[in-house]
Amino acid sequence: EPGNGRAVPLQRGYRSVDGRVVPHEVLSFSKTRLPLAEIVLGASVTIEPHDPGLRLFLGDLLPDQPIRLVRSHVPVRK
């Protein structure tokens, strides 16, 4: 139950990335379920913090909540 101090169980989804099956957690972008202040984009992610589509997406979902978007400086191990 949200708000009780316990983790909210998330639904697991799957997607294909470069021919691999990648699991991910399905999140609900709601002010009452996800207190979101910042998104850190991984070093290898192609989207930029100033991407207009990402800004519109977050603005539509959380219009009254400013979200800081930053790029991670942690290098990707190969």
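Bear in mind that the values here come from a model prediction, so they are computed numbers and not experimental data.
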ask   = Quick one: side chain to side chain contact (heavy atoms under 4.5 Å, CB included) partners of Pro66, sequence neighbours excluded?
value =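 By the side chain to side chain contact (heavy atoms under 4.5 Å, CB included) rule, Pro66 matches no residue at all.
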task = For Val17, enumerate each residue passing the side chain to side chain contact (heavy atoms under 4.5 Å, CB included) test, keeping only those at least two apart in sequence or located in another chain.
result =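 Here the qualifying residues are Arg15, Arg20, Val22.
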Less than 4.5 Å apart, side chain to side chain, heavy atoms only: is that true for [X] and [Y]?
| X | Y | result |
| --- | --- | --- |
| Glu25 | Gln11 | no |
| Leu69 | Val40 | no |
| Leu41 | Val70 | no |

message = Testing the basics here: between Gly42 and Ser72, what is the closest heavy-atom pair and its distance to 0.1 Å?
response =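 Heavy-atom minimum between the residues: CA-CB, 4.1 Å.
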ask   = Can you name the residues that form a salt bridge (charged side-chain N to carboxylate O under 4.0 Å, His left out) with Arg71, not counting sequence neighbours?
value =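 For Arg71 the salt bridge (charged side-chain N to carboxylate O under 4.0 Å, His left out) partners, ignoring immediate neighbours, are Glu48.
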key: Set of residues satisfying side-chain hydrogen bond (donor to acceptor under 3.5 Å, both in side chains) with respect to Glu38, sequence neighbours excluded   =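 Once residues adjacent in sequence are excluded, the partners of Glu38 under the side-chain hydrogen bond (donor to acceptor under 3.5 Å, both in side chains) criterion are Arg68.
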